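Contents: one structure, followed by commentary.
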Amino acid sequence: MTRIIDAFLKRLDGLTEANIRGAARRNGRRSFLARGGSALLGAAVAAPVLPFDRRAHAAEGGTDDPCTYWRHCAIDGFLCDQSGGSLTTCPPGSTVSAVSWVGTCSNPGDGKEYLVSYNDCCGKPFVPTATFCNNNKGERPGYRMGLYNDVNWCTANADKGYHCTVSVVVGLAE
Amino acid sequence: MTRIIDAFLKRLDGLTEANIRGAARRNGRRSFLARGGSALLGAAVAAPVLPFDRRAHAAEGGTDDPCTYWRHCAIDGFLCDQSGGSLTTCPPGSTVSAVSWVGTCSNPGDGKEYLVSYNDCCGKPFVPTATFCNNNKGERPGYRMGLYNDVNWCTANADKGYHCTVSVVVGLAE
Amino acid sequence: MKHHLIIALTAMAVPGSHAFGQEADIQPETLTVEERISEGEHVYVMDMGISGPSQVSVLNAEDLSMEGNIGAGNFSQMLMSPDRSTLYTSSVYQRRYTYGEIEAVVHEWDAATLNARREFTISDKLAQTLSQKGVLNLSADGAYLVVQNATPATSVNIVDLTAGADLVEIPTPGCWTAYPTIEGHAFSTLCGDGTVTKYGYAPDGSAGEPAKSEKIFDSDTNPLFGNAVRVDGNLVYVSYAGALHVVDDSGEVPVLVRTVDFAEEGWAPSGYNLMGYHEPSKTLFITMNSTPFDGSHKLPAEEIWAIDMESGNVTGRGAANGESSIAVSGGETPAIFGIDHLGGVHRYEVTLGDSVTITKAVSREGVAFFPTIVATDY
Amino acid sequence: MKHHLIIALTAMAVPGSHAFGQEADIQPETLTVEERISEGEHVYVMDMGISGPSQVSVLNAEDLSMEGNIGAGNFSQMLMSPDRSTLYTSSVYQRRYTYGEIEAVVHEWDAATLNARREFTISDKLAQTLSQKGVLNLSADGAYLVVQNATPATSVNIVDLTAGADLVEIPTPGCWTAYPTIEGHAFSTLCGDGTVTKYGYAPDGSAGEPAKSEKIFDSDTNPLFGNAVRVDGNLVYVSYAGALHVVDDSGEVPVLVRTVDFAEEGWAPSGYNLMGYHEPSKTLFITMNSTPFDGSHKLPAEEIWAIDMESGNVTGRGAANGESSIAVSGGETPAIFGIDHLGGVHRYEVTLGDSVTITKAVSREGVAFFPTIVATDY
């Protein structure tokens with residue numbers, strides 16, 4: 001009777017309990033976070049792409065939970081790469097959020113800290129088969145809006161419906 | 001990953017395969033159904049109530065599947081009695097559909113055939129914990145609109161959102 | 001892909017992209033929108049929204065992976081254009097989601113980019129009904145949409161696609177579904193009096209008198225499904241009991257030209273959009289269950305059967321997966337796509353010949369909450 | 001309960017109720033609408049809609065059975081009025097459900113009949129954010145709603161309830177949440193610079209200058225949750241690390257009057273609307289987890305702790321069920337209602353005294369998809 005949503009929600013939150021910790025705990029405060037109140041507006045849009053590891057996240061760390069992929073360390077949303085997009089592209093027919101929040105994530109491949117822009121893709125319904133990840137490394141309430149992941153970041157777009165979230169590496173953390 | 005909806009939909013449809021048949025098979029064509037094109041508009045609204053079995057459907061037939069309750073023989077919707085209403089009342093704050101479809105169901109308690117008006121309750125979202133029943137005894141496509149259960153019967157109301165469905169006994173079948 | 005910069009945000013710095021990549025070996029990634037779904041073949045699965053948006057999931061036909069989606073209103077209908085370039089939806093939006101004024105909206109979606117090319121409102125008498133083939137169709141010349149209304153009184157709305165506006169509402173009391181004729185400006189509808197009735201209309205907004213067939217079925221004792229398919233120009237309906245009714249609606253009055261009583265003892269058709277036709281092989285596919293009773297006509301499918309429409313013989317049977325609706329692809333050899341009552345999608349491979357085989361190749365579970373109709377772009 | 005008779009339906013006969021009951025012992029049943037939920041105590045559980053309507057499920061507080069629901073727009077907030085007669089929601093409606101123009105709407109729902117007494121639009125800058133206590137509140141005199149905006153630039157919208165219209169928008173850059181003061185026309189907000197800042201406004205639509213506290217926290221190294229509760233007139237915030245920050249905002253400038261560092265080694269608070277206060281016993285309840293790390297502040301609860309707000313001591317701990325938010329009832333002895341991250345609802349019984357016990361009494365699973373906030377009517 002009430003099993004309806006269990007499975008659905010297990011996907012949403014189960015991972016928070018286990019997988020985040022390994023990666024997240026290792027990281028202390030980032031210097032980026034120490035810049036009082038600063039944040040990003042959107043990821044770079046027309047810049048060249050370079051050297052980031054584009055391996056499927058599933059290949060990472062020997063787990064099949066895509067939420068454990070390192071660049072998702074502060075994501076809160078449905079994965080675009082399971083919604084018709086990729087780690088850095090919105091699904092066809094959607095629009096990129098004009099604003100975004102930011103995480104500072106540690107790449108286990110090179111040991112470096114990267115700034116990750118979490119943009120929402122907008123204007124379509126969320127995809128029920130897509131995995132929802134809820135990671136919160138460095139996350140802060142709305143008094144540090146650029147670090148806050150509990151708002152609809154499609155809010156500044158013409159079409160404000162939340163579709164999914166990408167994790168775009170935009171630079172080194174320091 | 002894709003278990004999301006399984007449980008939900010199992011509730012929706014599982015019953016069609018098993019439980020309906022016992023009750024439904026016993027019944028042939030009803031004389032009511034033979035009245036070409038005739039049907040009901042809504043259940044009686046201000047009439048006195050009488051002798052129908054008001055036992056909880058769960059007590060019926062030794063099964064805990066509420067969809068097997070005899071008067072649900074042609075229902076297609078979420079049960080109002082699991083949505084804040086009852087077998088014959090809409091949940092608070094909703095409105096009664098102005099029109100309805102009709103089934104002819106056999107009451108195992110007295111062996112008689114009853115006309116059942118399936119009204120939708122309107123103006124609120126469906127309740128995800130409510131059981132969805134899909135029974136189709138005597139059901140016909142929209143060319144016999146009063147027997148058709150695949151339309152939103154809230155369509156003639158001011159507020160047209162589908163909320164849940166009641167099964168109201170409105171008379172003997174003949 | 002607009003990128004507004006919100007300059008009023010005092011809480012936020014606004015680094016240009018050059019603010020990153022200070023180190024020579026690091027350049028920021030580019031965030032873009034996928035221009036289109038993959039080249040190739042796809043399946044469009046309707047998840048009909050009752051309290052929220054309807055959603056069309058677009059899957060890769062080969063592995064059923066997710067390529068994107070489309071959002072529409074409540075009780076959405078869906079139609080793939082003959083050239084596979086446009087997916088039409090018609091749906092209802094309520095101002096307060098579950099109450100309030102409604103708008104009925106037609107969308108023309110680019111089937112590859114998943115962008116709306118256009119949307120416009122039509123009569124809000126649009127039937128709020130489970131997505132089915134007989135509710136939203138294109139006229140033979142592609143100039144008009146033929147739309148089923150229900151208030152619940154039934155009528156058919158002719159929508160002028162050039163104007164993006166209603167042309168004429170034609171009352172069709174006691175009738176349901178509207179299949180455009182394969183030539184001219186007319187449609188046929190199935191009526192409770194046992195006839196197929198044809199209605200004509202003209203670009204000036206006039207409508208002709210109904211032309212009724214003889215009584216070809218009995219809606220009490222031998223009802224037909226509303227779902228129909230075109231087979232070599234004729235309309236093919238199927239009865240609850242399992243007899244195909246082939247209707248020629250090209251003349252002045254529709255005529256029953258043939259019935260094919262194909263269902264073996266103990267089997268009957270069941271489902272919603274339960275038939276699909278493969279023209280090159282003249283094969284009709286239909287979902288079946290083994291326990292016919294009064295009310296079994298929507299049971300999940302146990303088998304999919306193939307019927308040779310020349311001989312009328314059942315030429316193959318394959319195990320099904322609880323499908324409620326199917327779609328059949330084009331191509332020399334068809335694929336069948338089924339959507340089951342639990343929201344799963346299944347691709348079946350078919351081998352043709354005197355004996356047809358139907359074998360499940362791929363499944364993807366949990367795609368939809370209320371799966372109703374499925375289409376392909378090939 | 002309107003009952004239109006649709007007279008144009010030629011497909012339908014229209015029997016009066018007298019058409020049935022031909023036999024002496026049969027009378028048709030009456031179809032009505034439940035006038036209200038049961039007398040007694042209830043829980044209101046918000047299931048926040050992202051792509052579709054938000055839904056408030058109204059449960060019986062005793063056995064958690066379903067008594068009815070309320071539908072609102074996307075990202076709905078929720079507030080129970082002090083007299084428990086009105087449930088306010090504020091939410092956003094998109095014209096095309098997932099795109100198009102938006103309207104931000106306040107609803108005043110009769111908490112017993114679940115009917116909307118009134119609805120009106122407010123500034124569409126309304127924050128589209130997870131339902132939380134700091135976004136929608138009533139002024140001390142009940143005459144104004146104090147509403148958090150985010151575009152994402154933050155401001156606070158004062159809504160005149162008598163007029164059913166916006167009064168004034170007050171920019172609050174770098175600040176989040178807006179808790180009305182317990183007297184007068186002002187609110188306090190938590191700011192990224194580590195202060196609590198107080199803003200006044202007047203019925204004529206004027207707004208005062210911000211009054212900033214000293215720096216009471218560091219948003220980098222010792223952040224506070226946005227969720228706060230009123231404890232005997234003061235605002236109580238909690239840090240990620242587990243220290244209560246008690247702020248007196250009754251004067252000209254908010255003042256930190258006390259901190260209570262209650263979290264034992266190895267434990268930290270986590271959740272969304274994670275605190276509730278029981279005034280008669282001076283007990284604060286808060287959800288806790290045993291594995292603090294950077295990012296653990298939203299983990300599902302492992303325990304619920306009771307803190308005596310006079311002594312500042314932890315007076316009880318009970319096993320939790322993965323709650324993300326709780327509500328605490330009134331009455332001499334409180335009940336705690338928790339909503340877990342899987343959509344379940346749990347009622348905990350509490351025994352008061354020097355040692356407080358917290359024991360789960362009833363659970364109901366699967367009530368919500370995105371459970372966000374919970375309230376009681378007692």
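Predicted model only: the values in this text are computed from it and were never measured.
- Across all non-hydrogen atoms, the minimal contact from D:N69 to B:K124 is O-NZ, 2.7 Å.
- Side-chain contact, D:E34 with B:T89: a donor N or O sits under 3.5 Å from an acceptor N or O.
- Atom CG in D:L31 sits 8.5 Å away from atom OG in B:S100 (nearest 0.5 Å).
- When all heavy atoms of D:S54 and B:P125 are compared, the closest pair comes out as O-CG, 4.5 Å.
- With a 4.5 Å cut-off on side-chain heavy atoms, D:E29 and B:V170 do not count as touching.
- Minimum interatomic distance between D:V367 and B:P128 (heavy atoms only, all atoms of both residues): O-CG, 3.9 Å.
- Heavy atoms closer than 4.5 Å to chain B are found nowhere in D:L59, neither backbone nor side chain.
- Taking all atoms of both residues into account, the shortest heavy-atom contact from B:T95 to D:V33 is CA-CG2, 4.4 Å.
- Contacts of D:T113 with chain B are made by backbone atoms alone, with heavy-atom separations under 4.5 Å and no side-chain atom involved.
- By number of non-hydrogen pairs under 4.5 angstrom with chain D, the leading residue of B:G84, B:G161, B:C121 is B:G84.
- Taking both residues in full, the closest heavy atoms of D:E365 and B:T129 are given as O-CG2, 4.2 Å, listed atom of the first, atom of the second, then distance.
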